[in-house]
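The structure under discussion appears below in the form of structure tokens.
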Amino acid sequence: MKVLWNDQIVDESEVKIDLEDRGYQFGDGIYEVIRIYDGYFYMEKEHLDRLWTSAEKIRLTLPFTRTELSQRLHRLAAEVGLANARIYFQVTRGTAKPRLHDFPDSAEVTPVLLADIQPATRPASKQNIGIQAGFVEDKRWLHCDIKSISLLGNLLALDEANQKGYDEAVLVRDGNVTEASASNLWMVSGGVLYTHPDGNLILPGIAKLKIRQLAKVLGIELREETFTKKELLAAEECFKTSSVAEIMPIVEIDDQTIGDGMPGPVTKKLLAAYIEAIELAVQAHQNEK
Ligand SMILES: Cc1ncc(COP(=O)(O)O)c(C=O)c1O
């Protein structure tokens, strides 16, 4: 499989990562995942904006412009040739020897870019029936707004839920629901759509941005406010969102049914609109060519 390594497209076996790359040793890096539909990078600009925001927050100077990064990612996509896929790309701070916790001087270290593309398909059968989740205490750090490659807190939460037989973790901090292990979390209560406000306790999702727009168009009232476990269990509907899973209904939490245990009408309406928005964007892109 071909991958992007800095500014080169190489076979993955040719990539050499230094033992003292700070990403490898400290998880000192950031990443993004963009969903590609029929060759079109969906919401690319928003993902690149978030990468730059994450870089600023960890005081990392990216060694390329947005245009250069975009061109490299598209070059890889053309080389790999998968129409429906997801592209993962990460930037680590690079190699600094010897291993020291202190950030190296940015003039002395070159960040390392890596990207790979894997096939992706809409998880339609799961979207039709929903998934089961369990509550897990949110013990992650207080910079959840940074899309950091240090995901151990998220992985531990997911594993705790998996060990209890659930597909996903619904994270709870100080009694409030924050998000899921790799998705934003939503509930419909009294016909109103709720999700945790942006800030340092959640990742500002790109799918979340789209849901905001769609809720407005569909006339669904949206309140970005905190809510509790109890309020979520009493809700009519619950779902999570991410660029790869799109909108995924959650029909049970801690073995308690949400609503009637099936994806609800607001979730279905948003999912249909989400898919339509993708199709329109792909079409507009093809018409431009
Ligand atoms: C913790 C977390 N929250 C939310 C999201 C959803 O983000 P997006 O909609 O940009 O995929 C992700 C995606 O990886 C995530 O890891």
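Source: prediction; values computed, not measured.
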Determine yes or no for a side-chain-to-main-chain donor-acceptor pair under 3.5 angstrom, with [X] supplying the side chain and [Y] the backbone.
X: N84; Y: D38; result: yes
X: D145; Y: I202; result: no
X: N184; Y: K240; result: no
X: S150; Y: G27; result: yes
X: N154; Y: S181; result: yes
X: E237; Y: T267; result: yes
X: Q163; Y: E160; result: no
X: D167; Y: Q132; result: yes
X: Q25; Y: L19; result: yes

Classify the side-chain pair [X]/[Y] by whether it contains a donor and acceptor separated by less than 3.5 Å.
X: Q8; Y: N6; answer: no
X: T53; Y: E56; answer: no
X: E44; Y: H74; answer: yes
X: T95; Y: E20; answer: no
X: T178; Y: D138; answer: yes

Show your working on salt bridge (Lys or Arg N to Asp or Glu O under 4.0 Å) between D7 and R72 and close with a plain yes or no. CA-CA 7 Å; D7 57 354; R72 292 181 201 178; 5.0 Å; no
Between [Y] and [X], is there a salt bridge with N-O shorter than 4.0 Å?
X: E12; Y: K2; answer: no
X: E221; Y: R223; answer: yes
X: E246; Y: K210; answer: no
X: R66; Y: D49; answer: yes
X: R173; Y: E137; answer: no
X: E46; Y: R50; answer: no
X: E224; Y: K208; answer: yes
X: K164; Y: D255; answer: no

On a heavy-atom basis, which atom in [X] and which in [Y] lie closest, and how many Å separate them?
X: A169; Y: V136; result: CB-CG2, 3.7 Å
X: I247; Y: T241; result: CG1-CG2, 4.0 Å
X: D260; Y: T257; result: C-CG2, 3.8 Å
X: P197; Y: E225; result: CD-C, 3.7 Å
X: A215; Y: L193; result: CB-CD2, 4.2 Å
X: V91; Y: P111; result: CG1-CB, 3.7 Å

For the side-chain contact (heavy atoms from CB on, under 4.5 Å) test, which of L69, T92, L62 pairs with L113?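 That would be L69; it is the only one of L69, T92, L62 passing the side-chain contact (heavy atoms from CB on, under 4.5 Å) with L113.
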With I278, the side-chain contact (heavy atoms from CB on, under 4.5 Å) member among Q283, R122, R35: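 By the side-chain contact (heavy atoms from CB on, under 4.5 Å) criterion, I278 pairs with just one of Q283, R122, R35: R122.
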In terms of hydrophobic clustering (I, L, V, M, F, W, Y; side-chain heavy atoms under 4.5 Å; direct or indirect links), are I58 and W141 co-clustered?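 As far as the 4.5 Å side-chain criterion goes, W141 and I58 are connected within one cluster.
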Counting only heavy atoms not in R59 (residues, nucleotides, ligands), do more than 12 fall under 6.0 Å from its CZ?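 Open: at most 12 neighbouring heavy atoms sit under 6.0 Å from CZ of R59.
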Indicate yes or no: at least one non-hydrogen side-chain atom of I87 is less than 4.5 angstrom from one of V33.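 Side chain of I87 against side chain of V33, heavy atoms only: no contact under 4.5 Å found.
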Non-hydrogen side-chain atoms of Y42 and V282 separated by less than 4.5 Å: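 The answer is no; the side chains never approach within 4.5 Å.
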Within the 6.0 Å centroid threshold, strictly below: F41 and H285: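 Ring centroids of F41 and H285 are no less than 6.0 Å from each other.
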Y88 ring center near Y31 ring center (under 6.0 Å):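 Ring-ring flag for Y88/Y31: true, centres closer than 6.0 Å.
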Can a cation-pi geometry be assigned to R22 and Y24, taking NZ or CZ under 6.0 Å from the six-membered ring centre and within 45° of the ring axis?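 Judged by the rule, R22 and Y24 form no cation-pi pair.
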The test is side chain to side chain contact (heavy atoms under 4.5 Å, CB included); show your working for D21 and F26 and say whether it passes. CA-CA 8 Å; D21 184 290; F26 297 115; over 6 Å; no
ILVMFWY clustering at 4.5 Å (side-chain atoms), partners of V192: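 I131, F135, V170, V172, V177, L185, M187, Y194, F227, L232, L233, M248, I250, I253, I258, all in the cluster of V192.
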Only one of D105, D28, D102 clears salt bridge (charged side-chain N to carboxylate O under 4.0 Å, His left out) with R93; which?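 Result: among D105, D28, D102, D28 is the only option passing the salt bridge (charged side-chain N to carboxylate O under 4.0 Å, His left out) with R93.
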